[in-house]
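Worksheet: one structure, shown below.
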Amino acid sequence: QRGRRGASPHSGGRRRPIGARGGRSLRYARDSLKTISTAVGLLDDLKRQAESLQASRQTDTAARERNAALVEAACKSAFQYWLDLAKQLNVLQPTSPMRYVLDSRHVFEQMQMTDFRVDSRRKSLQGQPLHDYIQLVCLLKSGRKLDLAKDMPADVERIQSRLRQSGIEFHMENVREPESGRYLHTRFEFTADFMAGVKLLPQHETGLVQFQIFNIEGFETLLAETPAFEVNQVLLDELTKLLLGQPNRFLQEARLLRRG
């Protein structure tokens with residue numbers, strides 16, 4: 001009769017532990033909550049990263065706009081200053097105290113500085129019209145017409161380089177012996193009136209301006225740099241002294257990047 005009622009507690013039949021199914025459910029619930037918590041934590045982290053990057057981009061944009069505004073203000077100051085300066089110097093026509101050496105036989109001194117003029121060009125940067133460059137140039141006049149002949153490659157290259165540096169037009173011809181075609185020399189024809197001046201090169205991204213000064217201290221180019229907010233009448237006065245060969249502090253106020 002006992003057998004009919006069911007197995008004895010000691011009969012070897014196994015019972016499902018109480019709460020086993022519920023334990024698994026709790027464990028699954030805990031794992032699900034952990035997954036959701038991890039997902040929310042990652043989402044929050046990505047959100048913080050995106051907000052930080054967006055704020056950084058906004059800061060960078062504001063800084064670029066501020067730098068561009070400072071550079072444009074410097075360009076306008078230099079342009080107005082040079083316009084007025086060109087008018088005065090075209091009346092005065094000063095004499096340059098510098099020496100300009102083409103070669104050992106052709107050295108130019110006490111050249112008259114004439115035909116001062118100001119030129120500028122604009123460009124579009126991110127849809128905004130900005131200055132590309134501004135320059136003040138003049139003509140160093142000697143009026144001498146020259147016909148030079150050079151037969152050594154190094155001399156030919158040197159004269160050609162200096163004539164190109166001077167900004168003048170010249171005629172260059174390789175002269176050969178009529179019968180054999182043998183090279184004799186290279187001939188240069190030109191009038192020794194040289195270009196000189198300064199070009200302002202805006203650096204809108206960094207808030208700097210560069211001054212490229214050419215053929216003021218002989219046949220060479222200087223490149224100097226200064227923060228845009230330092231371009232004022234005092235600095236431009238020092239630059240003018242440099243252009244006229246007078247004692248100046250321009251290269252103490254601006255940082256010299258290159259000379260050559």
Side-chain angles (χ1 to χ4, degrees), residues 71 74-75 77-79 81-82 85-86 89 94-121 131-142 150 153-168 170 188 190 192-260:
V71 170
C75 290
S77 296
F79 183 76
Y81 182 100
W82 287 347
L85 178 65
L89 294 180
T95 299
S96 171
M98 300 301 174
R99 300 174 77 247
Y100 294 84
V101 181
L102 278 179
D103 59 21
S104 59
R105 297 178 58 189
H106 299 89
V107 179
F108 302 87
E109 297 180 281
Q110 299 298 306
M111 300 182 74
Q112 190 177 28
M113 305 176 75
T114 66
D115 299 333
F116 286 88
R117 63 182 184 274
V118 181
D119 181 30
S120 67
R121 179 178 294 176
H131 285 90
D132 188 22
Y133 70 80
I134 305 169
Q135 65 178 1
L136 169 68
V137 297
C138 71
L139 193 63
L140 296 165
K141 295 192 73 171
S142 73
K150 300 292 181 180
D155 293 337
V156 170
E157 184 178 351
R158 186 179 302 109
I159 291 293
Q160 186 177 6
S161 175
R162 288 183 178 173
L163 289 177
R164 286 176 175 168
Q165 166 94 13
S166 72
I168 64 175
F170 62 93
F188 297 91
F190 57 94
D193 295 337
F194 310 125
M195 297 295 297
V198 56
K199 178 182 285 189
L200 187 155
L201 302 170
Q203 309 296 310
H204 292 95
E205 293 282 336
T206 58
L208 301 170
V209 296
Q210 294 179 350
F211 293 93
Q212 187 180 62
I213 304 162
F214 54 96
N215 298 341
I216 293 299
E217 297 182 339
F219 292 120
E220 71 172 5
T221 298
L222 308 177
L223 184 64
E225 185 177 73
T226 187
F229 65 83
E230 292 185 359
V231 177
N232 51 33
Q233 184 167 345
V234 173
L235 182 72
L236 294 173
D237 282 348
E238 293 301 314
L239 176 57
T240 299
K241 294 175 185 178
L242 173 63
L243 299 181
L244 298 177
Q246 299 176 5
N248 65 89
R249 291 184 51 80
F250 179 74
L251 292 180
Q252 282 74 46
E253 302 295 334
R255 184 166 66 99
L256 181 64
L257 299 179
R258 185 172 67 247
R259 179 192 291 266

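Looking at heavy atoms from C-beta onward, Phe188 lies in side-chain contact with Val156 at the 4.5 angstrom threshold. At least one side-chain heavy atom of Glu217 sits under 4.5 Å from a side-chain heavy atom of Leu242. Under the 4.5 Å side-chain criterion, counting only non-hydrogen atoms from C-beta, Arg99 is in contact with Val107.
Tyr100 places a side-chain N or O within 3.5 Å of a backbone atom of Ile216 that can act as its donor or acceptor partner. Side chain of Glu238 to main chain of Arg249: a donor-acceptor pair is present (N/O by atom type, distance under 3.5 Å, no hydrogens or angles). Proximity of a side-chain donor or acceptor of Asp119 to a complementary backbone N or O of Gln135 within less than 3.5 Å is not detected. Judged purely by atom type and a 3.5 angstrom limit, Arg162 uses its side chain to pair as donor or acceptor with the backbone of Leu102. In this structure a side-chain-to-backbone donor-acceptor pair under 3.5 Å is present from Asp193 to Ser142.
A donor-acceptor pair shorter than 3.5 Å can be found between the side chains of Tyr81 and Thr240.
A distance of 9.5 Å separates CZ in Phe116 from CG in Leu139, rounded to the nearest 0.5 Å. How far CG of Asp103 is from CG of Asp155: 8.0 Å, rounded to the nearest 0.5 Å. Note that the CD1 atom of Ile213 and the CG atom of Leu243 stand 6.5 Å from one another [nearest 0.5 Å]. Note that CE of Met113 is 5.5 Å distant from CG of Leu244, once rounded to the nearest 0.5 Å. Separating the CG atom in Leu201 from the CG atom in Leu208 is a distance of 12.0 Å, to the nearest 0.5 Å. Atom CG in Leu223 sits 11.5 Å away from atom CZ in Arg259 (nearest 0.5 Å).
Of all heavy-atom pairs between Arg117 and Met195, the closest is NH2-CE, 3.6 Å. Nearest approach of Asn215 to Phe219, heavy atoms of both residues: OD1-CA, 3.7 Å. Among all heavy-atom pairs drawn from Ser96 and Leu140, the shortest one is CB-CD2, 4.0 Å. Looking at every heavy atom in both residues, Pro97 comes nearest to Gln110 through CA-NE2, 4.4 Å. Smallest separation of non-hydrogen atoms from Ala228 and Ala74: O-CB, 3.6 Å. The nearest pair of heavy atoms linking Pro94 to Leu89 is CD-O, 3.8 Å.
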Problem set entry | Verdict with reasoning, Gln203 to Gln210, per side chain to side chain contact (heavy atoms under 4.5 Å, CB included) | CA-CA 7 Å; Gln203 309 296 310; Gln210 294 179 350; 3.7 Å; yes
Exercise. Do Phe250 and Leu235 pass the side chain to side chain contact (heavy atoms under 4.5 Å, CB included) test, and can you show the C-alpha distance, the side-chain angles, and the key distance before you say yes or no?
Worked result: CA-CA 7 Å; Phe250 179 74; Leu235 182 72; 3.9 Å; yes
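Atom CD of Glu157 sits in a sparse spot, with 12 or fewer heavy atoms from other residues, nucleotides or ligands closer than 6.0 Å. Within 6.0 Å of CD on Gln233 lie no more than 12 heavy atoms contributed by other residues, nucleotides or ligands. Around NZ of Lys150, the count of heavy atoms belonging to other residues, nucleotides or ligands within 6.0 Å exceeds 12.
When the options Leu251, Val231, Val198, Leu200 are evaluated for a side-chain contact (heavy atoms from CB on, under 4.5 Å) with Leu239, the one that passes is Val198.
A perpendicular orientation is assigned to the rings of Phe194 and Phe108, their planes being inclined by more than 60° (bins at 30° and 60°).
Salt bridge Arg255/Glu225: present, at least one basic N to carboxylate O contact under 4.0 Å.
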